[in-house]
Amino acid sequence: MNSVTESPDTIVPQLEAAAERIQKAHKAAATVIFGQDTVIERTLITILSGGHALLIGVPGLAKTLLVETLGTVLGLDAKRIQFTPDLMPSDIIGAEVLEDTPGERRSFRFIKGPIFTQLLMADEINRASPKTQSALLQAMQEHHVTVAGQRHDVSSPFHVLATQNPLEQEGTYPLPEAQLDRFLLQIDVGYPDQDSERQMLHATTGTGSQAVATVLGAEDLIATQKLVRKMPVSDKVIDAILTLVRSARPGTGASEDTDRLVAWGPGPRASQAFSLAVRAKALIDGRLAPSVEDVIALAEPILKHRMALSFSARAEGHDLSQIIHELAAQLE
């Protein structure tokens, strides 16, 4: 068991209270986002872990509404950037402008871009050029940007929820592996079931408007993120994480199938993502410690964007999700 700086008598009530607040936040978001409970849960896992998420799904599945709703529920300032081929880095991070005030010396003033927010939606991130995509990279990893040699810190907390359309790939620029690895989870957004879609029709095509209440605030969220890191993780769970991540890497001798089917696999950041995400999932579920089942449940969203099929695997029609499920099943 990993070390915990606080005694169980202190941390247990804190975890129970935090779990209750997060469950309220989940339920509040579900009153507006219909039929996407797994998507809401995984987005909350990402935010509680202090990370960023890549949302992949066809248009019209409420990805933008999800970000707006979570911004309200979590008490965060939320902004949206529509990525287009002509978007420039300065459109994201801001730029310095020359001010000419009568009677005073000319001076440069930095005008902040939309990246200076707490919850940023990067819509269709793969529509922009690699140069513009990379403008997010420093902020996502280091929580600051540098303009004209000057450091400017982004808000705290700071989370990027980027969307990517799996269809209509013309005019898109695939995200480089280094930037994909910055996303804690890849969240696949599917179609809602029939009952959820019926409920959505009644709720959104009438005269009433859906409104959600603020459940948390920025300070509460930061405190909860710190609490997630204090949650104990057993050696059994750590061993399961390491076994799964290492079995997904080709060339390690861990799996012959992996050596043949996988071109490149997850790095150590995947293990770090697991360590945080399983804690956050346990907290959302109202448990005091993560389990091996949490590792299995989060295998696909953590590993899928950190792996690539080999040429022979693609030629044989293999699916990356199925390979991950087979590797995770070995932990059972």
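All figures in this text were calculated on a predicted structure; none of them were measured in a lab. Index from 1, following the sequence.
Atoms CD and OG1, from Gln36 and Thr38 in turn, are 8.0 Å apart once rounded to the nearest 0.5 Å. Once rounded to the nearest 0.5 Å, the distance linking CG of Asp319 with CG of Leu261 reads 11.5 Å. Here the straight-line distance linking atom CG of Asp37 with atom NZ of Lys27 works out to 11.0 Å at 0.5 Å rounding.
For Asp91 (side chain) and Met88 (main-chain N/O), a donor-acceptor pair under 3.5 Å exists by modelled atom type. Although no hydrogens or angles enter the test, the distance criterion places no donor-acceptor pair under 3.5 Å between the side chain of Asp259 and the main chain of Pro250. Side chain of Lys63 to main chain of Val58: a donor-acceptor pair is present (N/O by atom type, distance under 3.5 Å, no hydrogens or angles). Using a distance-only test at 3.5 Å, with no hydrogens or angles considered, a donor-acceptor pair links the side chain of Ser234 to the main chain of Val237. Using a distance-only test at 3.5 Å, with no hydrogens or angles considered, a donor-acceptor pair links the side chain of Thr117 to the main chain of Asp77. The closest donor-acceptor contact from the side chain of Thr132 to the backbone of Leu87 lies under 3.5 Å. A distance-only check finds a donor-acceptor pair linking the side chain of Thr46 to the backbone of Arg42 [under 3.5 Å]. At distances below 3.5 Å, not a single donor-acceptor pair connects side-chain atoms of Ser310 with backbone N or O atoms of Ala263. Proximity of a side-chain donor or acceptor of Gln133 to a complementary backbone N or O of Leu175 within less than 3.5 Å is not detected. Side-chain atoms of Ser275 do not come within 3.5 Å of backbone N or O of Ser271 as any donor-acceptor pair.
Open room surrounds NZ on Lys112; 12 or fewer heavy atoms of other groups in view lie less than 6.0 Å from it. Remark: Arg198 CZ is loosely packed, at most 12 non-hydrogen atoms of other residues, nucleotides or ligands lying under 6.0 Å away. Heavy-atom neighbours of Glu96 CD from other residues, nucleotides or ligands within 6.0 Å: above the threshold of 12.
Residues Leu136 and Phe83 share a closest heavy-atom pair of CD1-CZ, 3.8 Å. The nearest pair of heavy atoms linking Phe116 to Ser155 is C-OG, 3.9 Å. When every heavy atom of Met140 is checked against every heavy atom of His52, the shortest pair comes out as O-NE2, 2.9 Å. Between Leu309 and Arg314 the shortest heavy-atom distance is O-NH1, 2.9 Å. Taking all atoms of both residues into account, the shortest heavy-atom contact from Thr69 to Ile33 is OG1-CD1, 4.0 Å. Here the closest heavy-atom approach between residue Ile125 and residue Gln179 is recorded as CD1-NE2, 3.8 Å.
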Would you sort out whether Arg21 and Asp220 count as a salt bridge (charged side-chain N to carboxylate O under 4.0 Å, His left out), showing the intermediate values?
CA-CA 10 Å; Arg21 292 195 300 270; Asp220 294 326; 5.5 Å; no

Take Ser196 and Asp193 through the side-chain contact (heavy atoms from CB on, under 4.5 Å) test and state the conclusion after the steps.
CA-CA 5 Å; Ser196 298; Asp193 58 39; 2.8 Å; yes

Mind running salt bridge (charged side-chain N to carboxylate O under 4.0 Å, His left out) on Glu293 and Arg287 for me, showing each step along the way?
CA-CA 12 Å; Glu293 285 71 26; Arg287 292 178 281 112; over 6 Å; no

Does the pair Phe110 and His152 meet the rule for a side-chain contact (heavy atoms from CB on, under 4.5 Å), with working shown?
CA-CA 9 Å; Phe110 178 64; His152 301 274; 3.5 Å; yes

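Looking at Lys304 and Asp188, a side-chain N of the basic residue comes within less than 4.0 Å of a carboxylate O on the acidic one, giving a salt bridge. With respect to the salt-bridge test (charged N to carboxylate O, under 4.0 angstrom), the residues Glu68 and Lys79 do not qualify. Salt bridge Arg279/Asp294: absent, no basic N to carboxylate O contact under 4.0 Å. The residues Asp181 and Arg306 are annotated as salt-bridged, a charged nitrogen and a carboxylate oxygen being separated by less than 4.0 angstrom.
Looking at Gln82 and Glu124, their side chains do bring a donor and an acceptor atom within 3.5 Å of each other. His26 and Glu41 are not linked by any side-chain donor-acceptor pair at a separation below 3.5 angstrom, with hydrogens and angles left out of the test.
For Phe183 and His305, the distance between ring centers is not under 6.0 angstrom.
Both Ile284 and Ile302 are members of a single hydrophobic cluster when ILVMFWY side chains are connected at heavy-atom separations under 4.5 Å.
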